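Below: the structure, in structure tokens.
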Amino acid sequence: MTVATQPQTAGDTYIAVQQTPEFQALRRKFRGFVFPMTAFFLAWYFLYVLLSIFASSFMNKILFGKITVGLIFGLLQFVTTFAITFIYARWANRELDPAAEAVSATIAHEAGR
């Protein structure tokens, strides 16, 4: 990756790197994962909240002992949070980090000029 102009300061280097196709691809890759995953989690969370408000009889339904549907859904919110974190970490290590390393190497190379 080469930067078209000769940057004079570190700020100029970062701006020049942001304009490269490699950085733009890295940003698209990141957004392509994070935005859908965030939308999924928010939809799941708001479903839980809306069910607890408008379908309280469903959420109060006892499954066994004193365990209700609402309690299970609430615990699944925690499970979902940890699962998304795990999935993101694996994806970032495999997909995002190599591309970020390449962009970082370019910044270091350009800053050394």
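As the structure is a prediction and not an experimental result, all values here were calculated from the model.
- Side-chain contact between Leu76 and Tyr48: absent, with no pair of heavy atoms (C-beta onward) separated by less than 4.5 Å.
- Hydrophobic clustering of Ile, Leu, Val, Met, Phe, Trp and Tyr side chains at less than 4.5 Å, counting indirect connections, keeps Met59 apart from Phe78.
- Among residues at least two apart or in separate chains, there is no side chain to side chain donor-acceptor pair (under 3.5 Å) pair with a member in residues 52-64.
- Listed by chain and residue number, Trp44 satisfy the ring-ring contact (aromatic ring centres under 6.0 Å, His included) test with Phe73 (two or more places apart in sequence, or in another chain).
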Side-chain donor/acceptor pairs under 3.5 Å, residues 26-33, sequence neighbours excluded:
unit_1 : atom_1 : unit_2 : atom_2 : d
Arg27  : NH2    : Gln24  : OE1    : 3.1

Please table the atom pairs, donor to acceptor, closer than 3.5 Å between any side-chain atom in residues 88-99 and protein atoms at least two apart or in another chain.
unit_1 : atom_1 : unit_2 : atom_2 : d
Asn93  : ND2    : Ala89  : O      : 3.2

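- By the criterion of side-chain heavy atoms lying less than 4.5 angstrom apart, applied directly or through intervening Ile, Leu, Val, Met, Phe, Trp or Tyr residues, Leu63 is grouped together with Leu75 in one hydrophobic cluster.
- Residue pairs satisfying the side chain to side chain donor-acceptor pair (under 3.5 Å) criterion with at least one member in residues 64-77, sequence neighbours excluded, are absent.
- Remark: Phe58 engages no residue in a ring-ring contact (aromatic ring centres under 6.0 Å, His included) (not counting sequence neighbours).
- Residue Thr80 holds its OG1 atom at 10.5 Å from CE of Met37, rounded to the nearest 0.5 Å.
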* To do: Give the intermediate values and the outcome of side-chain contact (heavy atoms from CB on, under 4.5 Å) for residues Ile67 and Ile62.
  => CA-CA 6 Å; Ile67 306 299; Ile62 295 176; over 6 Å; no
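- Both Phe54 and Tyr45 belong to a single network of hydrophobic side chains, linked directly or stepwise wherever heavy atoms of I, L, V, M, F, W or Y lie under 4.5 Å apart.
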